[in-house]
Amino acid sequence: MLRNLLSLHQIAQRTISTASRKRFENKVSGKPKLFQEDNGIPVHLKGGVADALPYRATMILTVGGTAYAIYQLAMASLPKKQD
């Protein structure tokens, strides 16, 4: 029983460690070359669409939130008319 358990553990450990090596390739080697290119794009946008979408969403939320805050401050500073 103990022998079967040990062999099962070894098989599971070997399968997990070899499977992860086969599926993934190293993409890190090309990254320094991409980020060091002088093409006029800011570093925080050089990742392509994966970087541009969160950046634009953040900018839209920031501008929208600022405009809404200014609107609320203006409404709070103006007295309401009483009939």
Side-chain angles (χ1 to χ4, degrees):
M1 175 81 173
L2 183 61
R3 186 176 194 152
N4 288 339
L5 186 60
L6 287 175
S7 65
L8 180 62
H9 176 71
Q10 287 175 344
I11 291 171
Q13 188 176 17
R14 196 175 328 139
T15 304
I16 291 170
S17 66
T18 57
S20 63
R21 279 188 237 141
K22 292 179 182 178
R23 278 192 273 166
F24 302 109
E25 65 182 56
N26 187 5
K27 297 179 182 178
V28 175
S29 61
K31 293 293 182 181
K33 186 177 181 182
L34 172 73
F35 286 108
Q36 290 175 356
E37 267 183 39
D38 187 20
N39 54 6
I41 299 174
V43 172
H44 60 275
L45 295 176
K46 284 192 176 186
V49 175
D51 287 343
L53 288 178
Y55 174 75
R56 288 184 181 162
T58 302
M59 288 297 109
I60 290 170
L61 288 172
T62 303
V63 170
T66 302
Y68 183 70
I70 291 171
Y71 170 76
Q72 288 298 327
L73 284 171
M75 289 298 107
S77 65
L78 297 174
K80 292 183 180 180
K81 292 183 181 179
Q82 293 183 3
D83 291 332

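Note that these values count all heavy atoms, side chains included, but never hydrogens, waters or copies made by symmetry. Just so it is clear, the model here is predicted, and its values are computed rather than measured. Along the sequence shown, residues are numbered consecutively beginning with 1.
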Enquirer: Closest approach of Ser29 and Pro32, non-hydrogen atoms and distance?
Expert: O-CD, 3.6 Å
Enquirer: Would the number of heavy atoms belonging to other residues, nucleotides or ligands and lying under 6.0 Å from CG of Asp38 be above 12?
Expert: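 Result for CG/Asp38: open.
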Enquirer: For Val63, which fellow cluster members are found when Ile, Leu, Val, Met, Phe, Trp and Tyr are connected by side-chain heavy-atom distances below 4.5 angstrom, either directly or through intermediates?
Expert: none
Enquirer: Output the rest of the hydrophobic cluster of Leu78: all Ile, Leu, Val, Met, Phe, Trp and Tyr residues reachable through side-chain heavy-atom contacts under 4.5 Å, sorted by chain and number.
Expert: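 Hydrophobic cluster check, Leu78: joined to Tyr71, Met75.
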Enquirer: I need the full list of side chain to side chain donor-acceptor pair (under 3.5 Å) pairs touching residues 41-69, with sequence neighbours left out, sorted by first then second residue.
Expert: Tyr68-Gln72
Enquirer: Could you state whether Leu61 and Leu45 fall into the same hydrophobic cluster, counting links through intermediate Ile, Leu, Val, Met, Phe, Trp or Tyr residues with side-chain heavy atoms under 4.5 angstrom apart?
Expert: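 No: no chain of side-chain contacts under 4.5 Å links Leu61 to Leu45.
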